[in-house]
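Presented below is the structure to which this report refers.
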Amino acid sequence: MPDINLAAYAVFVPPDPFEDHMGPIYYKLTGDAQQAGSVHCVLPTHEAHGNYAGGVHGGALLTFADYALCLVAGRAADGGTNTSFAMTVSLAAEFLDGARIGPPLEARGEPLQVTGRLAFARGTITQEGKTIALWSGVCRHVARAKAMARKDETAPRDLAAIEQKVPAGFDLFATASAYSRHIGPIYVRAETEGASAVQPTLPRMCNSGGVLHGGYLMSFADSAITRAAALATEMAPSTVSFAAEFLSAGDITAPLTTRVEIPRRGKSIAFLRGLVEQDGRGLLSYSATMMLRHRG
């Protein structure tokens with residue numbers, strides 16, 4: 001990768017299963033962690049990040065934005081000591097351009113404010129000097145030791161014994177993008193206006209705290225809205241903006257489900273929304289704007 005010496009960068013410790021599976025993602029912290037630009041994140045891109053058009057999938061970009069948000073906001077909260085555990089409360093992203101497979105993605109950010117429980121930040125994702133996306137969000141920060149102790153107390157002990165069945169009426173989305181297939185099998189059912197999706201959860205979908213990773217939840221939602229828009233319009237959709245609010249933590253004891261609604265659509269744009277649930281409990285509320293293009 002030109003101009004980036006990854007030997008000078010680190011991967012997050014303790015290991016984060018989902019980031020390691022979709023990445024790896026690297027970061028370097030220099031200077032005052034409470035100042036803009038002190039955290040530099042790098043995501044080497046590869047074929048498993050691909051969307052239908054051969055570029056980087058929106059879910060991969062959202063995961064990278066989530067990573068950058070937690071690093072920028074979390075390090076601002078603890079002064080760069082890695083003693084706080086940042087949990088995303090909300091994240092919004094605007095996609096300005098497509099990203100290519102091959103060149104690395106880079107993310108930098110600016111801490112905006114840190115309170116006793118919350119940290120606010122915003123930033124950019126670039127590739128070869130071109131701005132790909134803008135992101136902003138809010139994290140809740142807690143002591144890392146406390147978060148790890150909670151993980152040990154609540155983590156399921158025998159994950160292999162958990163059977164997750166897909167409800168009747170859902171078909172395997174066999175032609176999903178490379179990125180969606182890399183994460184795990186997803187099942188879809190067409191609705192009158194939109195679609196429903198189900199995905200069994202796996203250990204690789206978790207964060208270092210033992211719960212489902214925020215980037216994974218957004219990746220599942222982004223795959224669902226893309227499929228819903230395609231089914232409803234018979235056109236090729238691409239995400240323009242995406243906003244998510246994290247309502248509660250999920251685990252790997254049951255599948256995720258979501259019902260994508262399309263409140264309004266025109267000839268070239270569609271507005272979508274939905275709720276990711278697990279066992280009837282809301283985990284992620286999301287909304288998106290998608291550009292529609294004719295296929296071919």
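We're numbering straight along the sequence, starting at 1.
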* Can we say E261 and R259 salt-bridge, meaning some charged N sits less than 4.0 Å from an Asp/Glu carboxylate O? -> no
* To do: Verify whether the ring centers belonging to H21 and H182 lie closer than 6.0 Å.
  => yes
* Asked: Are L212 and I252 close enough that some pair of their side-chain heavy atoms sits under 4.5 Å apart?
  -> yes
* Determine yes or no for a side-chain-to-main-chain donor-acceptor pair under 3.5 angstrom, with Q199 supplying the side chain and G184 the backbone. => yes
* To do: Indicate if I186 and F170 have the same hydrophobic cluster label, given that clusters are the connected sets of ILVMFWY residues with side-chain heavy-atom separations under 4.5 angstrom.
  => no
* Find the distance between CD1 (I183) and OG (S223) and round it off to the nearest 0.5 Å. => 6.0 Å
* Find out whether V56 and F64 are in side-chain contact, i.e. whether some heavy atom of one side chain is under 4.5 Å from a heavy atom of the other. => no
* Evaluation steps, side-chain contact (heavy atoms from CB on, under 4.5 Å), between F242 and L91 -> CA-CA 8 Å; F242 185 96; L91 185 146; 5.6 Å; no
* Asked: When you measure from the side chain of D20 to the backbone N and O of G23, does any donor-acceptor pair fall under 3.5 Å?
  -> no
* Linked, directly or transitively: L61 and Y27 (ILVMFWY side chains, under 4.5 Å) -> yes
* Is D251 close to T201 at the side-chain level, that is, under 4.5 Å between some pair of heavy atoms? -> no
* Asked: Does F271 offer a backbone N or O that forms a donor-acceptor pair with the side chain of T289 under 3.5 Å?
  -> no
* Asked: Could you state the interatomic distance from CZ (R293) to CE (M235), rounded to the nearest 0.5 Å?
  -> 9.5 Å
* Can any side-chain N or O of H57 pair as donor or acceptor with the backbone N or O of A48 at less than 3.5 Å? -> no
* To do: Measure the shortest side-chain to side-chain distance between R100 and T45 over non-hydrogen atoms and say whether it is less than 4.5 angstrom.
  => no
* Does atom CZ of R117 have more than 12 heavy-atom neighbours from other groups under 6.0 Å away? -> no
* Test side-chain contact (heavy atoms from CB on, under 4.5 Å) applied to M290 and T226, step by step -> CA-CA 8 Å; M290 305 200 83; T226 301; 3.6 Å; yes
* Asked: For L283, does its backbone N or O pair with a side-chain atom of Q278 as donor and acceptor, under 3.5 Å?
  -> no
* Any donor-acceptor N/O pair, Q34 side chain to A76 backbone, under 3.5 Å -> yes
* Given side chain to side chain donor-acceptor pair (under 3.5 Å), test Y286 with T258 step by step and report yes or no. => CA-CA 10 Å; Y286 60 89; T258 189; 2.6 Å; yes
* Treating Ile, Leu, Val, Met, Phe, Trp and Tyr as nodes and any side-chain heavy-atom pair under 4.5 angstrom as an edge, say whether L284 and L202 lie in one connected cluster. => yes
* Are L247 and L69 connected in a single hydrophobic cluster, I mean Ile/Leu/Val/Met/Phe/Trp/Tyr linked by side-chain heavy atoms less than 4.5 Å apart? -> no
* Asked: Distance-only, no hydrogens or angles: does the H141 side chain make a donor-acceptor pair with backbone N or O of C70 under 3.5 Å?
  -> no
* Asked: Can you list the steps and then say if E106 with T126 is a side chain to side chain donor-acceptor pair (under 3.5 Å)?
  -> CA-CA 5 Å; E106 302 176 60; T126 62; 4.7 Å; no
* With a 4.5 Å heavy-atom cut-off, do R204 and Y216 have their side chains touching? -> no
* Can you measure from CD (Q35) to OG1 (T30) and round to the nearest 0.5 angstrom? => 11.5 Å
* **Side-chain heavy-atom pair C41, Y67 within 4.5 angstrom cut-off** => yes
* Over 12 foreign heavy atoms within 6.0 Å of CD, Q164 -> yes
* Hey, could you give me the OG1/CD1 distance between T233 and I269, rounded to the nearest 0.5 Å? => 12.5 Å
* Side chains of L71 and F12: closer than 4.5 Å at any heavy-atom pair? -> yes
* With the 4.5 Å side-chain cut-off for hydrophobic clustering, are I132 and L96 part of the same group? -> no
* To do: Hey, could you give me the CZ/OG1 distance between R140 and T115, rounded to the nearest 0.5 Å?
  => 10.5 Å
* Is there a side-chain contact between S219 and L62, using heavy atoms and a 4.5 Å cut-off? -> no
* Asked: Taking R122 for the side chain and W135 for the main chain, is one N or O donor matched with an acceptor at less than 3.5 Å?
  -> no
* Taking atom CD1 of I25 and atom CD of E19, what is their separation to the nearest 0.5 Å? -> 5.0 Å
